[in-house]
2 protein chains.
Amino acid sequence: MIRGDGGKTLRAILDQICNKWTLLIVATLEQGTLRFSDLHHRIPGISQRMLTLTLRNLERDGLVSRTIYAEVPPRVEYALTPIGESLIPPALALASWAIDHVPQIEENRTRFLYDRR
Amino acid sequence: MIRGDGGKTLRAILDQICNKWTLLIVATLEQGTLRFSDLHHRIPGISQRMLTLTLRNLERDGLVSRTIYAEVPPRVEYALTPIGESLIPPALALASWAIDHVPQIEENRTRFLYDRR
DNA sequence: CCGAATCCTCATGGATACTG
DNA sequence: CAGTATCCATGAGGATTCGG
């Protein structure tokens, strides 16, 4: 069953994981450690603000580690923790499902619009 | 890789799947056909409005079928289509991950708050 | 380079009341 | 029973500016 408690905390955490950017960031960090600017231009469309906020949440939840190097210019590197890495398989499973079914879903949507008068 | 195109359509579909209620509704329909009121009280916390809206989106995308019986009182039954059923495994994988890691994540959050001054 | 802070907009979503 | 319609609060998220 999908609900362990009343569903409160679970749904809260699912919302946290399943938001607009989290899965993409985790999937991008699968390749290994990346610094802020790398992430910024590897994830098209994300704003600096949302990248910062999402990384903070992931750090707070212990899914991502943040390492600061006191250099000039500054360098900050992000990497997945073991818990973060354990999220990779289910995240990729969902992403793969979406990729596999994008054409079918798009066809369904257009047909749905056409069938309604 | 997680991005098939520029990431536009994929991210749109992921947003659609990964919203506040979709996964819960799909997981609830795994058990079989259910009517509106059944869904309503099996998913604690959902409003009538959001249940209707989310079901419409799922119907539009072809993940859920909607059957109306011309009776008094009216009866409407919802069921997963084959595509909808194919979403069950990755959805449950993600839900299971969340369930398994809720305690650890909650501990990380409280420690994060405590460590910051 | 890496962010924090501010402002602003718009979608999400809850509460309520009404219909067939 | 199964919605639709309306109003309204909240927060996600983009653009921009400033700081270390």
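Atom set for the values below is all heavy atoms of this structure, side chains included, hydrogens, waters and symmetry mates excluded. In the text below, chain A, chain B and the rest are named by the order of the sequence lines, each starting its count at 1.
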Problem - N/O donor-acceptor pair under 3.5 Å between A/Thr22 side chain and A/Cys18 backbone - result: no
Practice task
Enter the inter-axis angle for the ends of the helix from C/dC1-D/dG20 to C/dG20-D/dC1 (five pairs per end, rounded to 10°).
Solution key: 40°
Exercise for the section: Decide whether a cation-pi geometry holds between A/Arg66 and A/Tyr78; the criteria are a distance under 6.0 Å from NZ or CZ to the six-membered ring centre and an angle within 45° of the ring axis. Expected result: no
Problem - Distance in angstrom units between A/Leu55 CG and C/dA4 P, rounded - result: 10 Å
Problem - Integer-rounded Å distance: D/dA2 P and B/Arg75 CZ - result: 9 Å
Exercise for the section: Answer yes or no: is there a donor N or O on one side and an acceptor on the other, between the side chain of A/Thr81 and the main chain of A/Gly62, under 3.5 Å? Expected result: yes
Exercise for the section: Can you measure from OG1 (A/Thr110) to CZ (B/Arg60) and round to the nearest 0.5 angstrom? Expected result: 11.0 Å
Handout entry: Any pair counted as ring pair (Phe, Tyr, Trp, His ring centres under 6.0 Å), so long as it reaches residues 22-64 of chain A, sequence neighbours left out
Key = none
Practice task
Taking only the side-chain nitrogens and oxygens of A/Ser37, find out if one of them lies under 4.0 Å from OP1 or OP2 of C/dC2.
Solution key: yes
Exercise for the section: Nearest 0.5 Å please: distance from the CD1 atom of A/Ile17 over to the CG atom of A/Leu63. Expected result: 5.5 Å
Exercise for the section: Give a yes/no answer on whether the side chain of B/Tyr78 brings an N or O atom under 4.0 Å of OP1 or OP2 in D/dC1. Expected result: no
Exercise for the section: Take atom NE2 of B/His41 and atom C1' of D/dG3, then tell me their distance rounded to the nearest Å. Expected result: 18 Å
Practice task
Send over the distance from A/Glu71 CD to C/dC1 P, rounded to a whole Å.
Solution key: 13 Å
Problem - Listed partners of A/Glu85 passing salt bridge (Lys or Arg N to Asp or Glu O under 4.0 Å), at least two apart - result: none
Handout entry: Gap between atoms CG and P, on A/Asn57 and C/dA4 respectively (whole Å)
Key = 12 Å
Handout entry: B/Gln16 backbone acceptor or donor facing B/Asn19 side chain under 3.5 Å
Key = yes
Problem - For atom CZ of B/Arg56 and atom P of C/dT12, their distance in whole Å - result: 17 Å
Handout entry: Comparing A/Thr52 and A/Pro73 on DNA chain C - which has the more 5′ nearest nucleotide
Key = A/Pro73
Practice task
With a 4.0 Å heavy-atom cut-off, tell me which residues in residues 61-70 of chain B come close to DNA chain D, sorted by residue number.
Solution key: B/Arg66
Problem - Interatomic distance where CG belongs to A/Leu51 and P belongs to D/dG13 [whole Å] - result: 13 Å
Handout entry: Spacing of B/Leu39 atom CG relative to D/dG3 atom P, expressed in whole Å
Key = 10 Å
Problem - Heavy-atom donor-acceptor pair, B/Trp97 side chain to A/Pro90 backbone, under 3.5 Å - result: no
Exercise for the section: Mind checking salt bridge (Lys or Arg N to Asp or Glu O under 4.0 Å) for B/Glu30 and listing every partner two or more places apart, or none if nothing turns up? Expected result: none
Exercise for the section: State plainly whether the residues B/Glu107 and B/Arg109 are in salt-bridge range, i.e. N to O under 4.0 Å. Expected result: no
Exercise for the section: Look at the side chain of B/Thr33 and the backbone N and O of B/Glu77, then say whether any donor-acceptor pair between them is shorter than 3.5 Å. Expected result: no
Problem - Sugar-phosphate or base contact per nucleotide [nucleotides 13-20 of chain C; S, B, -; heavy atom under 4.0 Å] - result: BBB-B--B
Handout entry: A/Arg35 side chain near C/dC1 phosphate (N/O to OP1/OP2, under 4.0 Å)
Key = no
